[in-house]
There are 2 protein chains.
Amino acid sequence: MTKAQAATRPATSRNYPKGERRRAQIIKAALTAFGQVGYRHASTVQLAAACGVSRAGLLHHFPTKESLLEAVLEERELQDDQHFFRTDGDPIDGLEYFASMIRLVAHNQANPLVVSLFAVLSSEATTADHPARPYFAARYERARSQMTQAVEDLAARDLLHSHVAPSGLAVSLIALIDGLQVQWLLSPDTIDMPEHLRSMLRNVISVELPG
Amino acid sequence: MTKAQAATRPATSRNYPKGERRRAQIIKAALTAFGQVGYRHASTVQLAAACGVSRAGLLHHFPTKESLLEAVLEERELQDDQHFFRTDGDPIDGLEYFASMIRLVAHNQANPLVVSLFAVLSSEATTADHPARPYFAARYERARSQMTQAVEDLAARDLLHSHVAPSGLAVSLIALIDGLQVQWLLSPDTIDMPEHLRSMLRNVISVELPG
DNA sequence: CCTACCGATCGGTAGG
DNA sequence: CCTACCGATCGGTAGG
């Protein structure tokens, strides 16, 4: 068990494998439901039914709907960490960073539930008083900060095309990745997300990406 | 009254100014509500209350919630037409097209309600059985087709940087515009949507845009 | 985890 | 037959 898990799960849970399995099942069902109908429209009654427990049973594991949302976002964050965000503190290699980003987008494209979750929740979270708004605001700020470092690394090594403005490029590339998800969810057969990202990166980076 | 309006509004409505005003009021309130909490979570009861009519009164104008959604999308479409989509049939001037696109994004940035409506509805509509899914699928297909023509016009006139791949560029630029909306709604003070679009267009177009 | 509930609200429809 | 609503209520479901 990692440190992050220990901080978010009750320490006793390791001793109750059945409860742990149920908890994981509920999180997975909630991830699916939130991605399909949004957080606000998802109902704990239907979630409980989908997991074969009563609504009171579900509320034993997650006392409020909001606590379930937190668990879903944490779960998703852990998956990202595994694939991508390993460079805490280390200086960022811009080429490696964007190669990893393409791999992450390709990985997401193989997991429609995860894409749907983030496409639906991130825009739902822009509205006032949404419980996930602070999470997404912080997440985007962190992503922009990290990608800006990657862009600046490329600029310092003269790996951007000469006419490309590095300022604001991170914001636009994150926007590109987000926007591709909506078009892909609507037309999965005509949109290839990692290919479009790679193509746009080729438009601004003057050397080929590794990997 | 334009052809589009005549096709969607009852022909008799012009003779009932009070009903017409009420109808416009309801559409505006629905546009706000759908953008704030999404279509599914918005309630006709609250909409009616916000308009000072009973729920039955609201349903007199819009017999179903879905018919109200249609009216909101048509209303928004008409606004777009006024500002932008005037080139039906005509060949597209790529430079004019993207200059208009920047103006449209700037116009949207001055109207948070409209941005919120589209950011929230477009992703909500990606989910199965959403009544607006066909609308958004068709809208994106049309937008891609139109922007692809603009990109091809630029390519034919040699106005793209030599290393830029025109294929798929329209998809990515539309994705960029959509993605910027989410970041802007979460951080309106740190994101300038038209500026980021202009900057990205400068990265691929080798001449300055008009206007 | 269950049964048994609460105050309220959902989208849609009735007759007048 | 039209409009612009009204008060009441249908069977179900919401989060807690």
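These numbers come from the heavy atoms of this one structure, side chains and all, not from hydrogens, waters or symmetry mates. Naming: A, B, ... by sequence-line order, numbering from 1 per chain.
- There is a side-chain donor-acceptor pair under 3.5 Å between A:Arg103 and A:Ser100.
- Taking atom CD1 on B:Ile26 and atom P on D:dC5, their separation rounds to 8 Å, with Å as the unit.
- Nucleic acid contact class of B:Ala42 (heavy atoms, under 4.0 Å, all strands): sugar-phosphate only.
- Put simply, NZ on B:Lys65 is 8 Å from P on C:dG12, counting in whole angstrom units.
- Here the side chain of A:Ala56 is nearest to one of C:dG11, C:dT3, D:dC6, namely C:dT3.
- In secondary-structure terms, DNA chain D builds no stem of at least 3 consecutive Watson-Crick or G-U pairs having both distances under 3.5 Å.
- Between the C1' atom of D:dT9 and the CG atom of B:Leu59 lies a distance of 14 Å, rounded to the nearest Å.
- Between the NE2 atom of B:His60 and the P atom of D:dC2 there is a distance of 12 Å, rounded to whole Å.
- B:Phe62 places its CZ atom 15 Å from the C1' atom of D:dC5, with the value rounded to the nearest Å.
- Rounded to whole Å, the C1' atom of D:dT9 lies 13 Å from the corresponding atom of C:dG11.
- Following rounding to the nearest Å, A:Arg40 (CZ) and D:dT13 (P) show an atom-to-atom distance of 22 Å.
- Separating the C1' atom of C:dT13 from that of D:dC6 is a span of 14 Å, rounded to the nearest Å.
- Straight-line distance from the NE2 atom of B:His41 to the C1' atom of C:dA8: 13 Å, rounded to whole Å.
- Among all heavy-atom pairs drawn from A:Arg23 and A:Ala71, the shortest one is NH2-CB, 4.4 Å.
- The phosphate of C:dC2 has neither OP1 nor OP2 within less than 4.0 Å of any side-chain N or O from A:Arg55.
- Interatomic distance, CG of B:Leu180 versus NE2 of B:His196, reported as 6.5 Å (0.5 Å rounding).
- A side-chain N or O of A:Arg40 and one of A:Thr127 form a donor-acceptor pair less than 3.5 Å apart.
- For C:dC10, one of the phosphate oxygens OP1 or OP2 lies less than 4.0 angstrom from a side-chain nitrogen or oxygen of B:Ser43.
- Summarising the geometry, the separation between CG on A:Leu47 and C1' on D:dT13 is reported as 14 Å, rounded to the nearest angstrom.
- A salt bridge is absent between A:Lys28 and A:Glu75; no separation between the charged side-chain nitrogens and carboxylate oxygens falls under 4.0 Å.
- Looking only at side-chain heavy atoms (C-beta outward), A:Arg144 and B:Ser187 come within less than 4.5 Å of each other.
- For A:Gln46, the side-chain atoms get nearest to D:dA14 when compared with the rest of C:dC10, D:dA14, C:dC1.
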